[in-house]
Amino acid sequence: MPDDATTRDLVAFLRQHEHDIFSRWVEETERRGGIDILALPVSRDAATRWLSVLFRLIVRHLERPDSLAIRVFIRRFVHREDQRQFPIHAVLRSLIILKRIIIGLLVQSCRENPERLRVMCDTVEAEMDDTRLLVFDLYIAQQERQIGQRERYLQSIISSSADAIIILDGQLVVRSWNRGAEAIYGYRAEEMIGQSFIKLVPEELLQQGEFERIIKRIREEGFVQGYETVRLAKGGRRVNVEFTATALVDEQGNPTGFISSIIRDVTRRVELEQRLERKVAGLSIVNEIGRALQHTIDLDEILYTVLVGVTAGQGLKFNRAFLLLLNPERTWLEGRLAIGTSSPEEAGRIWAELAAKQHSLDDILRSYRAATSAQDVRVNEIVRQLRIPLADASHLLVQALQTRQPINVVDARHHPGVPPDFFDVIGSTAFAIVPLISQEQAVGVLLADNLITRRPILDEDLELLEVFAHQASAAIEKSRLYEALEQQVSALEQANDSLKTYQEKLIHAERLSAIGELAATVAHEIRNPLVSIGGFARSLLRKVPADSPHREYLEIIVKEGVRLEEIVTKVLDLARPKHLRATPHDLNQLIQEGLMVVREDIQTKQIRVDQTLQPELPPVPVDADQMKQVFLNLFKNAVYAMPSGGRLRVWTAATNHAFLEIGIADTGTGIAEEHLEKVFNPFFTTKPGGAGLGLAVASRIVHDHGGTIRVESTVGRGTTFYIHLPLRQHGD
């Protein structure tokens with residue numbers, strides 16, 4: 001929920017940009033036909049003023065949520081005596097345009113503060129949703145008022161119409177048949193007088209004993225009033241009727257055996273009631289779905305919820321619904337999702353069960369997913385076959401997308417915009433198409449039909465289906481906005497992480513540089529006295545007899561001096577790299593020379609060497625001395641890791657036209673996983689008496705050549721080093 005400061009900022013922003021927002025709103029509404037669609041019985045200027053007042057009331061409601069001004073304003077507009085049909089679609093489209101304009105300006109103004117942008121966009125989203133829901137509520141109220149007016153009008157028609165007045169004798173034979181009966185049943189008097197009235201009762205009602213129950217009630221109670229049932233007219237046409245039947249009596253009040261029936265045709269009334277009930281139910285579930293969509297930003301869940309509303313028995317009651325969306329390149333309409341049943345019996349069973357057990361929209365969604373999962377497999381196999389190029393402007397779905405107008409197809413077999421292959425896949429001769437529009441762009445189409453029940457698609461069905469499409473479009477817009485915000489937040493987080501990484505690397509590099517300079521200075525200062533000590537020790541060693549007790553100590557001094565000189569040399573090489581003198585060389589030969597240096601240790605430890613050196617390798621530009629140092633360091637590490645013998649495998653291969661691979665693998669003790677990332681760090685070693693510089697020097701030399709070196713190792717199984725060197729000189 002936004003805090004008071006955020007709300008004040010948003011109100012201030014709207015007032016600051018009021019002129020720009022309103023001008024763009026009116027311009028866009030007029031461009032989309034909104035001014036004309038509003039159908040206000042006033043001039044264009046008055047319609048524009050109406051939009052202006054609505055905008056200011058929305059801002060006022062943001063500032064004071066308990067304000068009733070916006071509700072009063074819209075209610076007065078709805079209930080005006082001179083107002084024609086309340087244009088709900090135009091108002092909804094206009095409000096969606098207003099929301100998009102406001103959010104677009106917010107994104108431009110608050111791009112640097114994603115969190116504040118998200119909160120303000122959520123506030124705008126909620127306010128506009130509340131306004132749309134208010135329009136829905138008032139629209140439903142208006143519809144209920146109109147229903148009441150229509151019912152009163154219908155009652156007037158019924159009371160003034162010619163009812164059927166029929167007299168039956170004790171054997172239910174027709175004795176009197178008036179013009180009203182002729183109008184209702186289609187039989188003339190001469191066709192029915194003398195005939196049994198039972199011929200007008202449907203067979204299934206006779207089997208259920210309906211007529212016997214009515215006659216028994218008349219004889220026991222004397223009359224039946226306001227009884228509604230179905231009768232058969234001429235030609236087998238079924239007629240919904242309401243009748244009042246009375247037993248005729250003589251002057252003494254004794255039954256004469258005759259029954260008088262006053263019958264009226266209520267088929268039209270029943271149809272109207274059913275249509276009105278369906279419309280109210282549809283508007284109610286639209287309202288529920290609008291609220292449900294406020295709580296999700298997952299696009300698949302949004303689309304599924306809308307399709308359930310289209311097909312639900314508590315909703316529009318379409319048998320099937322198909323959703324097609326544009327592909328990312330906006331070149332094709334592709335089937336995305338579908339919902340539907342496979343037979344009238346299955347549809348009736350599913351919705352009867354759900355209607356008996358479930359009440360809320362959440363219950364419907366959960367139960368529908370479980371009840372129709374097997375059925376939806378079939379329709380989703382159908383929808384996945386649909387792939388329509390936008391270049392096919394003659395296709396009906398493409399036309400709906402381009403014109404952004406709903407289409408009610410009554411006869412698909414003979415419609416010029418329905419190709420035979422599309423009809424074969426859909427298999428329905430009648431269906432409705434409604435485009436989905438989001439952020440000024442067409443994103444797809446919604447197709448619904450009544451393949452199973454064959455119920456005609458009426459204008460009010462198409463109207464409600466269009467409302468569903470608006471709900472889906474608004475939800476898609478919300479989902480995409482959240483997705484864009486998440487991408488911005490993710491990008492900022494990645495940039496922040498990268499900045500921290502670069503800072504850490506920079507600090508590490510500065511420390512290494514300082515340590516390197518210090519090490520180089522110390523090593524340089526140590527080198528001269530160390531050489532002198534080594535020289536004097538070797539000179540004394542030559543003069544001391546072989547059996548002298550001092551000879552062993554002198555040998556240790558000489559040996560350790562040599563080791564210290566090697567360490568000093570490596571430190572200097574690492575801290576102050578030598579200039580790279582790269583010339584084309586045969587890597588196989590350099591490897592062989594490196595193996596020759598450690599041959600004595602290899603033989604002593606009984607290590608088997610397997611070489612797979614690719615013949616006729618292209619010459620590689622390297623500094624031969626430095627590269628041999630790399631191989632020698634790796635060979636020495638491998639020999640050290642196999643004190644009891646093992647296998648040393650070396651191979652070369654040209655992996656592509658750009659790089660050459662050198663592999664050196666041993667079957668030694670291996671390296672612990674926690675040490676793998678540190679093996680190339682200077683002074684890191686697990687070898688007793690080691691300096692930790694061999695692999696660091698090798699890594700530096702390889703990278704100086706523009707190559708890479710990596711290691712894989714398993715404790716107890718061995719270690720493998722992979723070196724990749726460019727076939728062209730680094731920097732070319």
Side-chain angles (χ1 to χ4, degrees), residues 28-29 31-34 89 92-104 107 121 125 128-129 132 286 289-290 292-294 296-311 318 320-339 379-380 383-393 395-407 417 422 431-448 462 464-487:
E28 184 62 17
T29 302
R31 187 177 70 81
R32 296 285 298 277
H89 305 311
L92 290 177
R93 279 195 290 268
S94 185
L95 289 172
I96 290 173
I97 291 170
L98 174 60
K99 180 182 69 176
R100 184 172 58 249
I101 291 170
I102 294 174
I103 291 178
V107 170
C121 288
E125 183 81 31
M128 301 308 295
D129 286 347
R132 293 209 310 274
V286 165
I289 286 180
L293 293 180
Q294 294 181 32
T296 180
I297 59 173
D298 181 80
L299 183 57
D300 290 335
E301 189 67 25
I302 288 169
L303 300 178
Y304 181 81
T305 301
V306 171
L307 291 186
V308 168
V310 172
T311 56
F318 281 95
R320 304 186 304 174
F322 301 87
L323 186 70
L324 295 89
L325 297 181
L326 285 173
N327 65 335
E329 294 77 22
R330 302 184 63 79
T331 56
W332 295 86
L333 265 175
E334 298 177 331
R336 173 70 176 271
L337 184 66
I339 284 179
V379 291
N380 276 285
V383 79
R384 281 192 289 270
Q385 299 179 47
L386 302 178
R387 193 166 184 265
I388 302 158
L390 281 193
D392 186 2
H395 200 290
L396 195 64
L397 296 187
V398 178
Q399 293 175 14
L401 203 64
Q402 292 176 344
T403 61
R404 304 187 178 188
Q405 295 296 324
I407 300 175
F422 180 78
F431 49 82
I433 305 169
V434 178
L436 297 176
I437 310 297
S438 176
Q439 294 184 349
E440 300 242 4
Q441 289 188 336
V443 297
V445 295
L446 179 63
L447 185 150
L462 191 64
L464 287 173
L465 193 62
E466 190 175 9
V467 174
F468 270 84
H470 284 302
Q471 292 279 18
S473 300
I476 290 172
E477 184 176 357
K478 174 182 176 181
S479 175
R480 290 183 172 177
L481 176 61
Y482 270 96
E483 182 180 356
L485 289 175
E486 287 178 354
Q487 290 175 353

**Study point:** Test side-chain contact (heavy atoms from CB on, under 4.5 Å) applied to Thr403 - qualifying residues, sequence neighbours left out
**Key:** Gln405

Looking at [atom1] of [X] and [atom2] of [Y], how far apart are the two atoms once the value is rounded to the nearest 0.5 Å?
X      : Y      : atom1 : atom2 : answer
Leu390 : Asn327 : CG    : CG    : 7.5 Å
Leu446 : Leu325 : CG    : CG    : 10.0 Å
Arg100 : Met128 : CZ    : CE    : 11.0 Å
Leu447 : Leu333 : CG    : CG    : 11.0 Å
Leu396 : Leu401 : CG    : CG    : 11.5 Å
Gln402 : Leu397 : CD    : CG    : 11.0 Å

State, with a plain yes or no, whether a side-chain heavy atom of [X] is found less than 4.5 Å away from one of [Y].
X      : Y      : value
Ile103 : Glu125 : yes
Ile96  : Ile437 : no
Val434 : Leu462 : yes

List the atom of [X], the atom of [Y], and the distance in Å for their closest heavy-atom pair.
X      : Y      : value
Leu326 : Ala442 : CD1-O, 3.0 Å
Leu465 : Ala432 : CD2-CB, 3.8 Å
Val383 : Arg336 : CG2-N, 3.9 Å

